[in-house]
Amino acid sequence: MFALRPGAGGAGPAGTRLPSTELRTRGMSERAGYDPIAIEEKWQKAWAERGTNLLSDEDLRDAERPFYMLMMYPYPSAEGLHVGNMYAFTGADIFGRYRRLNGFDVFEPIGFDAFGIHSENYALKVDVHPMELIPRNVANFTRQLKRIGGMYDWNHTVDTTDPGYYKWTQWIFLKLHEAGLAERKEAPVNWCPSCMTVLANEQVIAGACERCATPVEQRFIAQWFFRITEYTERLLENLSWIDWSESTKKAQENWIGRSEGAEIRFPIARSRASHDRHEPATVHAAAPLISVFTTRPDTIFGATYMVLAPEHPLVEEVTTEDRRDAVAAYRREVAGTDLVSRKKADKEKSGIFTGAYAVNPATGEEIPIWIADYVLMEYGTGAIMAVPGHDERDFEFATAFGLPIVRVVAREGEDADTPLSEAYPGHGTLVNSGAFDGAASEEGQRSITAWLAEKNLAEARVNYRLHDWCISRQRYWGPPIPIIYCDACGTVPVPEEDLPVELPHVDDYKPDESGVSPLARAASWYRVACPECGGEARRETDVSDTFLDSAWYFLRYPSAHRDDVPFDAELTEKWLPVSTYIGGEEHAVLHLLYSRFVTMALHDAGYLGFEEPYRVFRKHALITKDGAKMSKSRGNTVVPDKYIERWGADTFRTYLMFLGPFQIGGDFRDEGIQGPYGFLSRLWDTIQGELRGGHPDSEVERRLHATIRKVTEDVAGLRYNTAIAAMMEYLNAVRAGNRAVARTEVEPLVPLIAPFAPHLAEEAWELLGHEGGIFDSDGSTAGFDTVEGGVWPTFDPEKAKEDSVEFVVQVNGKVRARVELPRGVGEHAALTAALADENVGRWAGEGEVRK
RNA sequence: GCCGGGGUGGCGGAACGGUAGACGCGGGGGACUUAAAAUCCCUUGGGCUUCGGCCCGUGCGAGUUCAAGUCUCGCCCCCGGCACCA
């Protein structure tokens with residue numbers, strides 16, 4: 001994978017000048033080649049010694065221009081940081097450094113999301129206890145993060161597995177519980193009978209366990225849920241104003257899945273033994289009703305049958321005596337199917353008739369009630385009115401089971417009797433719909449709902465796809481849920497003063513067939529006195545979801561040293577909401593939604609003064625290798641360490657950002673790193689050369705101002721690739737003709753490159769005679785104009801303009817000539833000049849356009 | 001199926017509706033070297049050329065415009081996410 005020069009035996013990067021040991025040991029006092037390894041070692045040491053990137057709690061409290069740069073903290077895997085992490089962190093770090101060079105007090109913390117099933121599974125695999133394994137991984141991650149030159153404040157860091165952290169994760173559980181937002185209820189889960197564990201939906205492949213291929217079963221287990229659905233409207237509403245990447249907001253919107261429609265009640269007709277649609281139905285006055293949710297109330301005249309989810313509570317009540325056994329058998333079959341394959345849309349429809357009928361409230365006709373697994377208990381009311389003429393799934397089902405299909409919507413050229421060869425789910429004119437015939441179906445949505453509402457059989461309703469958040473995990477590696485069960489007192493929250501409920505060190509932390517956490521085997525741990533009555537009680541043995549750990553970590557960073565509160569009020573007021581959050585879009589709907597919810601809940605409980613956690617969120621792209629997503633199974637992952645060893649962190653950072661637009665993506669190629677390396681080497685060379693002096697050139701000065709403008713705009717907009725290109729172009733112009741370069745021509749380039757190549761910039765800054773690090777400079781010693789309070793250069797728009805402009809003369813949109821004219825000539829003069837060109841005259845015509 | 005994001009040289013990618021291909025990789029040629037590496041210079045979309053230039057080119061097809069990679073409409077393909085969501 002790594003293209004070594006043949007026979008070079010690892011002596012250096014392929015096809016470039018080597019950062020040689022000889023030069024390194026000779027030091028940098030004399031003119032030497034660019035030696036990134038030595039420079040980076042020197043400055044990382046200096047930063048650590050000077051505490052350049054560390055903020056004290058006083059610094060945090062006294063900061064005048066706070067800027068909170070947040071990046072999604074990593075889960076410390078055994079493999080170490082991969083290039084995707086590096087890419088994300090570098091892009092975020094560049095932005096943080098850019099703000100710092102602009103005079104902001106930048107707080108850029110990092111931490112570790114070290115709890116969770118990933119870590120636990122890996123620990124099981126290598127047979128090392130997670131309590132030993134995780135610290136090792138964290139140490140390795142820390143080393144790597146330091147090596148790439150991230151501006152992290154190691155003084156304020158977070159490790160979710162630290163009891164000092166998860167004490168407060170548990171505290172948040174208690175606060176949500178207090179607010180009535182935590183409840184315990186039974187829910188279906190995927191169960192692998194071979195691995196003896198609950199599986200996440202993502203771990204079920206084609207109905208079987210991803211690890212052992214055993215068919216997965218469905219089990220019902222009592223679990224804790226956070227009632228995120230209480231916040232649905234707000235979570236949706238706020239999307240209209242929060243400053244996030246559009247696609248991320250869209251993903252959340254889809255996940256929340258708002259749909260407008262109606263809830264309609266169908267009375268059950270129990271008196272009939274045989275079915276005849278055309279006789280009036282007999283409805284008991286007290287007949288139970290079946291509620292359905294539909295987005296298409298306008299098609300109700302076409303509802304020819306109903307379907308209940310197999311788990312629907314009315315199934316037993318409705319089923320007739322003679323159908324009982326068959327229905328029970330079907331329900332058992334469905335229960336044995338895992339949730340994932342059941343929800344496959346391309347699965348063949350299955351179902352069974354209950355023997356019962358309901359009355360279509362629009363037509364008054366009796367329609368059969370079926371149960372089928374294509375109707376899900378978790379969405380809507382768990383029951384549907386089936387309109388096979390206008391719903392693809394219902395059409396498929398009706399066709400399979402010989403149920404009637406009626407057209408109630410017609411398009412142009414169709415009428416009530418035009419046969420349907422497939423479902424038509426679109427809109428049109430209502431037909432076969434009684435008094436509503438001829439109306440537009442869109443209008444029917446409203447009028448039919450209103451008509452049924454008058455009879456108290458329907459009302460308009462909004463339904464959401466979002467479900468409550470199940471936080472229970474029947475596993476070991478997480479924070480225990482702080483609840484105690486007492487026979488006398490019931491469910492008792494652990495008193496705050498007893499937090500944390502520490503995760504005990506148990507040797508046998510493997511999940512077992514019981515369906516409960518391995519902690520349920522640790523009797524000495526879970527046996528506890530009831531906090532209320534003092535009697536014998538039992539701890540909750542499930543742990544909480546990793547996503548709860550990460551739902552609030554950004555609140556913790558500034559207050560990392562406080563053990564008496566989860567987050568200090570004053571610091572939180574000053575630093576939050578987060579100024580800019582950069583992360584991958586893979587977390588668009590889980591982490592980002594959960595953290596919004598927790599923030600809102602804490603806001604409502606009076607702990608936070610804001611309800612949205614991030615002022616700005618920007619997603620970053622994923623880089624690919626040979627056009628494909630990097631993955632272990634594809635074998636195309638890139639381990640960053642080797643590249644950093646060969647080329648240095650500065651080159652690696654610059655290269656990663658040069659691959660393509662940070663928010664869109666790029667493709668990693670080994671050879672490509674050559675370009676940024678050459679650029680930084682030439683930059684280094686030029687700065688060295690400058691020390692011998694040279695005379696400024698007006699064209700170079702013009703380009704300098706244009707470059708400052710371009711780089712400033714691009715970095716601010718995360719368009720790093722074009723910012724780097726602009727600097728390369730400028731450097732090429734500075735060096736053109738091998739001229740002696742003036743100091744003023746290169747010095748401003750140093751802060752411009754600093755976010756990308758911070759070590760090189762520090763070294764160059766020092767070489768140019770400045771004391772103190774460039775990142776701490778207020779710009780007062782700089783030989784160029786800078787922003788207020790920082791060393792980032794400013795540009796003069798006048799100087800950035802060209803003296804003469806090349807006019808491109810187009811005739812009928814085609815380029816026919818180029819005319820060089822002084823800037824600011826009038827249109828008439830330009831026209832005259834253009835027409836004077838023989839080529840323009842040749843093509844005659846009119847309407848030339850200037851640029 | 002729905003929702004995002006894409007489709008531009010050999011490759012990664014640039015382009016306020018106004019010179020398509022910036023910048024970089026790779027390729028070709030040259031300089032310097034005993035040689036190679038490194039470095040530097042020139043060149044590099046395709047076709048034609050009387051060497052002045054000309055024609056064709058941004059997934060496909062229409063359209064708007066003096067002018068379209070860019071805007072409009074209709075398609076195709078790739079990547080990512082969601083999905084029996086009623």
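From a predicted model like this one, the values you see are computed outputs, not experimental measurements. Chain naming here is simple, since letters A, B, ... match the order of the sequence lines and numbering starts at 1 in each. Values below: all heavy atoms of this structure, side chains included; hydrogens, waters and symmetry mates excluded.
Here the side chain of T248(A) pairs no donor or acceptor atom with the backbone of A588(A) at under 3.5 angstrom. For the pair R407(A) (side chain) and G389(A) (backbone), a donor-acceptor distance under 3.5 Å is absent. Formation of a donor-acceptor pair under 3.5 Å by the T232(A) side chain with backbone atoms of T229(A) is found in this model. In this structure a side-chain-to-backbone donor-acceptor pair under 3.5 Å is present from H620(A) to G584(A). For T651(A) (side chain) and G648(A) (main-chain N/O), no donor-acceptor pair under 3.5 Å exists by modelled atom type.
Between D391(A) atom CG and rC2(B) atom P the separation is 14 Å, expressed in whole Å. In this structure, the CD1 atom of I384(A) is 11 Å from the P atom of rA86(B), given to the nearest Å. Taking atom CE of residue M657(A) and atom P of nucleotide rG24(B), one finds them 19 Å apart after rounding to whole Å. Rounding to whole angstrom units, CZ of residue R258(A) and P of rA86(B) are separated by 13 Å. If you take CG of D670(A) and C1' of rG12(B), they are 13 Å apart, rounded to a whole angstrom. Here the P atom of nucleotide rG12(B) and the CD1 atom of I724(A) are 18 Å apart, to the nearest Å. Going from atom CZ of R719(A) over to atom P of rC23(B) covers 19 Å, rounded to whole Å. At whole-Å resolution of the value, CZ in F756(A) and C1' in rC23(B) are 13 Å apart.
Contact annotation: N721(A) reaches the phosphate of rA14(B) (side-chain N/O to OP1 or OP2, under 4.0 Å). Considering only side-chain N and O atoms, R296(A) lies nowhere under 4.0 angstrom from the phosphate OP1 or OP2 of rA86(B). The shortest distance between the side-chain N/O atoms of R682(A) and the OP1/OP2 oxygens of rU39(B) is not below 4.0 Å.
With P as the reference atom, rG12(B) and rC79(B) are 15 Å apart, rounded to whole Å. rU8(B) and rG45(B): their C1' atoms are spaced 11 Å apart (whole Å). Rounded to whole Å, the P atom of rG6(B) lies 30 Å from the corresponding atom of rC56(B). For the C1' atoms, the distance from rU49(B) to rG59(B) is 31 Å, rounded to whole Å. Taking atom C1' in both rG24(B) and rC76(B), the straight-line distance is 31 Å, to the nearest Å. Atom P of rG28(B) sits at a distance of 15 Å from the matching atom of rG46(B), rounded to the whole Å. Taking atom P on both rU58(B) and rU70(B), the two are 9 Å apart, rounded to the nearest angstrom. As rounded to the nearest Å, rU44(B) and rG61(B) have P atoms that lie 29 Å from one another.
Donor-acceptor pairing under 3.5 Å is lacking for the side chains of K625(A) and T637(A). Between the side chains of S350(A) and Y330(A), at least one donor N or O sits under 3.5 Å from an acceptor N or O.
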Decide yes or no on side chain to side chain contact (heavy atoms under 4.5 Å, CB included) for T381(A) and R461(A), but give the supporting numbers first. CA-CA 12 Å; T381(A) 62; R461(A) 188 182 135 177; 3.7 Å; yes
D243(A)/K249(A) under salt bridge (Lys or Arg N to Asp or Glu O under 4.0 Å): CA gap, chis, key distance, verdict: CA-CA 9 Å; D243(A) 183 3; K249(A) 291 208 275 189; over 6 Å; no
From CA spacing to verdict: salt bridge (Lys or Arg N to Asp or Glu O under 4.0 Å), R265(A), E459(A): CA-CA 9 Å; R265(A) 288 174 287 279; E459(A) 55 270 341; 3.0 Å; yes
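Using N1 to N3 plus N6-O4 or O6-N4 for Watson-Crick, or N1-O2 and O6-N3 for G-U wobble, each under 3.5 Å, rC84(B) pairs with nothing. Summarising the base pairing, rC71(B) is matched to rG63(B) through a Watson-Crick or G-U wobble pair whose two defining distances lie under 3.5 Å.
Both V589(A) and L376(A) lie close to RNA chain B; mapped to their nearest nucleotides by heavy-atom distance, the more 5′-ward contact belongs to V589(A). The 5' end of RNA chain B is approached more closely, in terms of each residue's nearest nucleotide, by W255(A) than by the other of W255(A) and M385(A).
Here N732(A) lies in heavy-atom contact (under 4.0 Å) with sugar-phosphate atoms only. At a threshold of 4.0 angstrom between heavy atoms, the contacts of T624(A) with the nucleic acid are absent. L659(A) comes within 4.0 angstrom of sugar-phosphate atoms only, judged by non-hydrogen atoms across all strands, and of no base. Backbone-only engagement by G666(A) is indicated by non-hydrogen atom pairs under 4.0 Å involving sugar-phosphate atoms exclusively.
Cation-pi geometry between R596(A) and W244(A) is met: under 6.0 angstrom from the ring centre, within 45 degrees of the axis. Taking the ring centre of Y374(A) as origin, the terminal cationic atom of K349(A) falls inside the region bounded by 6.0 Å and 45° from the ring axis.
Among rC25(B), rC84(B), rA22(B), the nucleotide with an atom closest to any side-chain atom of A725(A) is rA22(B). Here rC25(B) is the nucleotide among rC82(B), rA86(B), rC25(B) with the atom lying nearest to any side-chain atom of Q674(A). When the nucleotides rA86(B), rG24(B), rC25(B) are ranked by their closest atom to the side chain of F658(A), rG24(B) comes out on top. With rC23(B), rA86(B), rG26(B) as the candidates, the nucleotide lying closest to the side chain of Y379(A) is rA86(B). Of all nucleotides listed (rG13(B), rC23(B), rC84(B)), rC23(B) comes nearest to the side chain of E729(A). Minimum atom distance to the side chain of E671(A) is reached by rG26(B), of the listed rA86(B), rG26(B), rG12(B).
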Produce the list of close N/O pairs, under 3.5 Å, pairing protein atoms with atoms of nucleotides 78-80 of chain B; give distances to one decimal.
none

Just the table, please: protein N/O against nucleotides 3-7 of chain B N/O, every pair under 3.5 Å.
residue, atom, partner, partner atom, Å
rC3(B), O2', N254(A), OD1, 3.0

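Taking 90° from 0 as the syn/anti boundary, the base of rG52(B) is oriented syn. Base orientation for rG9(B): syn, the chi torsion being within 90° of 0.
Heavy atoms from other residues, nucleotides or ligands lying under 6.0 Å from CD of E392(A) number 12 at most.
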